[in-house]
There are 4 protein chains.
Amino acid sequence: MTQQQRTVAAGHASPWHGGRRRRDRALKRDAVIRAAARAFRERGYHNTSLDDIAAALGVTKPTLYYYVRNKQDLLFECFQAGLAGIGAAFDEARRSHGNGRERLRIVLRGYALAIASEFGWCMVRAEDQDLDAAMSARIRARKGEIDRQIRALIQQGTADGSIRDCDAKITAFAIAGALNWIAHWHRESEALAAADIADRFIGFFEDGLRPRR
Amino acid sequence: MTQQQRTVAAGHASPWHGGRRRRDRALKRDAVIRAAARAFRERGYHNTSLDDIAAALGVTKPTLYYYVRNKQDLLFECFQAGLAGIGAAFDEARRSHGNGRERLRIVLRGYALAIASEFGWCMVRAEDQDLDAAMSARIRARKGEIDRQIRALIQQGTADGSIRDCDAKITAFAIAGALNWIAHWHRESEALAAADIADRFIGFFEDGLRPRR
Amino acid sequence: MTQQQRTVAAGHASPWHGGRRRRDRALKRDAVIRAAARAFRERGYHNTSLDDIAAALGVTKPTLYYYVRNKQDLLFECFQAGLAGIGAAFDEARRSHGNGRERLRIVLRGYALAIASEFGWCMVRAEDQDLDAAMSARIRARKGEIDRQIRALIQQGTADGSIRDCDAKITAFAIAGALNWIAHWHRESEALAAADIADRFIGFFEDGLRPRR
Amino acid sequence: MTQQQRTVAAGHASPWHGGRRRRDRALKRDAVIRAAARAFRERGYHNTSLDDIAAALGVTKPTLYYYVRNKQDLLFECFQAGLAGIGAAFDEARRSHGNGRERLRIVLRGYALAIASEFGWCMVRAEDQDLDAAMSARIRARKGEIDRQIRALIQQGTADGSIRDCDAKITAFAIAGALNWIAHWHRESEALAAADIADRFIGFFEDGLRPRR
DNA sequence: TATGAATGAGTATTCATTCAT
DNA sequence: GATGAATGAATACTCATTCAT
């Protein structure tokens, strides 16, 4: 199997081999990060070599270093790429005029979609263990920030009566855990679209198991 | 710091250095698996070398091979050790005379406790990516079995009216995800005891976010 | 800190960034070789990357190849640059009307100044190991020539009675070694000026340790 | 050429292939360091790969790591091995009853022999540039100590009248430089034995170039 | 039982060098 | 003239695994 074929086989276009030579650095960097995200999700961070990623792009390994400092940097960038969607969801929630529960719903949908994206696995699995102190701290900070915002929405909801009186911390953990886990089982090929999954999860979060009369 | 001291410092006894020479193979094997579970949870599977585990036990690396075939075998055994608690929970649920929701509650509590145990991380993270085909298949089979049983309980509950009519598959995924995630943030040192966490999670699952009137 | 600033900070002008655009190729080539000499002396040949040298000049790596064939060529040119001073010293000695010892003194002073220059390290360290066969041979030839000429001066001195009867070869080795070593410890910032060092070394060579009565 | 033959060709016995398997760890470690010293001297530190050294011993690369932490550690050990001889010379000088010049002579002979040994190159070339901060500091400290002791002997000599009144610092630099340089040109195969070289150098140091009447 | 010793295989990273623009 | 982009080759270092003792 040639490089070309492998690239094609993977079903993902590479800016390096699209007929006319693209010169857009940002585009290529993006492709590198995307390829890494897919590889990490598929095989795991440690089971993915830079050669794997380079091969998926039809490029040689040192080329990657032209766009990214490190392997861990690659993981970090995947993490950040996924984060964008979540940030947007928080923005949207902030702009909305709904009550706490409605706002939370907006955020959770965005969160679920991000987790179901190709960057989801990296977001969820970018961990201390694989990153140096500085990056580890940055990631923990961002994750902490998200957690804090979710709790805040829950508390808003309990304040305005749209959410039952509950332990915001534990509830946020449960919700985030359920959503994070999507990264472990969802594949784009699945029958259920990401948006569908998000809505059903939210339905469950809102109504719970016990029947309402 | 000597090996001995490190072992002691970690606060975990080693059957190799407990005064009277223990000759019990099973006991030592257990210790090996426990040490592995702790190390994997702490540093991750790939960031833990067999030397690390051996050092934690005050033993040399080849000794481990006397008790276990492989590094991946070690991971598998950790997975299995955690499974025991879940199996027991299903047994208890089966013996109980409660309705579906009550039975599910029993299972979820057992599941949560298992995940919060020192083996929890391994159970949740024992993945295809790090195991050969055979083991990977065995693990997937067991995880699938648990999923199926949880869905069955949910369906029982909807049948007997104790659980709202819902998509059993998605609900099971949400619940399992929330519980699995506990392995990522819970540490024994935490203020909240595992049992407490379990009950609060179950409370959230049952009642949901929306206030009941 | 930008490239520009770094260049300035290093206190060495670059013909690429000096206001009026210098078009003089020779000048630029000179600057390249000087920058290399400084970098090699500071960090060693192998610990200096072409990127380092380019950065010191505020230029990109491929630009260097416009002025020089190779990395090893760079080293060779530094070697040659240092050699000029020594050649001049030999010329001066040849023109002088002093006896052997006086002529030798002239040469040694020139030699010492060359070694103390920014090219000294390269002259002394340009070695077989880092150069291909051809260059290695050229360098060895020049070094051999210098050695031969120094020995000749010594022999002249012994002939005219200005130098004690001694083994010219071993004496030349001792003298050259002592002078070469200057490259390892002398820095321009040092209190002792190069000329001063040269004179003191020559004093020691001429008079020896044992007191004369 | 097979591994065996290459080992033989190099003319150096390897404790790994001497018929009966030697189990003496210290012996093997010594052999590793010796092999490194020879390789570094021959090809230079950076041009020597660990594979080269391993091959010279008829062993595989990871084996080296069983005896030594690092490549730089290897260099450091070579440095230390050479140091032993110098330390002994200082001891002997201390025990001697001669005057300053006679004591200095003892030290310089020992120094010269050490430099001419297989470790000489490493001693002379173990440099900051190739070592991390800690090792670099240790080496500088030891070199500084030797320099200080040589200066002290010179001052002793000037005090007791056996050495001319001179700048101890510059004289020590000149002498050490001349001796260090031996590592660059002396090979065991040379006609002149190390002891011979030492004596001739010392003769030059003591008597100087100018004839005494 | 346990271990000292050894190794094969793998992998991130660096860097001199090239070349089309 | 200068550079952005790419790459081939090299290399230190790690680690699971084996085996004789």
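So that the names make sense, note that chain A is the first sequence line, chain B the second, and so on, each numbered from 1.
Salt bridge absent: A:Arg41 and A:Glu118 never bring a charged side-chain N and a carboxylate O closer than 4.0 Å.
Relative to the side chain of D:Pro62, the nucleotides E:dT14, F:dA12, E:dA9 differ in distance, and E:dA9 lies closest. When the nucleotides F:dA5, F:dT17, E:dA5 are ranked by their closest atom to the side chain of A:Arg25, F:dA5 comes out on top. Looking at the side chain of C:Asn70, the nearest of the listed nucleotides F:dA12, F:dT17, E:dT17 is E:dT17.
Note on the helix from E:dA2-F:dT21 to E:dT21-F:dA2: angle between the axes of the first and last five pairs equals 10°, rounded to 10 degrees.
A cation-pi contact links B:Arg25 to B:Tyr66, judged by a cut-off of 6.0 Å to the six-membered ring centre and 45° from its axis. A cation-pi arrangement is not found for D:Arg125 relative to D:Phe79, the charged atom failing to lie both closer than 6.0 Å to the ring centre and inside a 45° cone about the ring normal.
Atoms NZ (C:Lys28) and C1' (F:dT3) sit 14 Å apart, rounded to a whole Å. Taking atom CD1 of residue C:Ile53 and atom P of nucleotide E:dT17, one finds them 11 Å apart after rounding to whole Å. Between the P atom of E:dA12 and the CG atom of A:Asp73 lies a distance of 14 Å, rounded to the nearest Å. Rounded to whole Å, the distance from CZ on D:Arg29 to P on E:dA6 is 14 Å. E:dC15 atom C1' lies 15 Å from atom CD of C:Gln72, rounded to whole Å. Rounded to whole Å, the distance from OH on C:Tyr65 to P on E:dT17 is 4 Å. F:dA10 atom C1' lies 15 Å from atom CZ of D:Arg43, rounded to whole Å. Atom CG in C:Leu57 sits roughly 11 Å away from atom P in F:dA2 (whole-Å rounding).
When heavy atoms are screened at a 4.0 angstrom cut-off, C:Thr63 is found touching base atoms of the nucleic acid. Residue B:Tyr66 is in sugar-phosphate contact alone, with no base atom involved, counting any heavy-atom pair closer than 4.0 Å across all strands shown.
The only member of A:Gln72, A:His46, A:Lys71 that meets side chain to side chain donor-acceptor pair (under 3.5 Å) when paired with A:Asp130 is A:His46. Tested against A:Asp52, the residues A:Arg43, A:Lys61, A:Arg38 include a single salt bridge (charged side-chain N to carboxylate O under 4.0 Å, His left out) partner, A:Arg43.
Side chain of A:Asp73 to main chain of A:Phe76: no donor-acceptor pair is present (N/O by atom type, distance under 3.5 Å, no hydrogens or angles). Between the side chain of C:Thr48 and the backbone N or O of C:Gly44 there is at least one donor-acceptor pair closer than 3.5 Å.
For D:Phe40, the ring-ring contact (aromatic ring centres under 6.0 Å, His included) partners are D:Tyr45, not counting sequence neighbours.
Listed in residue order, the members of residues 129-137 of chain C having a heavy atom less than 4.0 Å from DNA chain F come to none.
Across the interface with DNA chain F, nearest-nucleotide mapping of A:Leu64 and B:Lys61 shows A:Leu64 to be the residue nearer the 5′ end. Comparing D:Thr60 and C:Asp51 by the nucleotide of DNA chain E that holds the closest heavy atom to each, the one mapping nearer the 5' end is D:Thr60. Both B:His46 and C:Tyr67 lie close to DNA chain F; mapped to their nearest nucleotides by heavy-atom distance, the more 5′-ward contact belongs to C:Tyr67.
Between B:Asp128 atom CG and B:Ile139 atom CD1 the span is 8.0 Å, to the nearest 0.5 Å.
Of the side-chain N and O atoms in D:Trp16, none sit less than 4.0 angstrom from OP1 or OP2 of E:dA5.
Between D:Leu75 and D:Cys122 the shortest side-chain heavy-atom distance falls below 4.5 Å.
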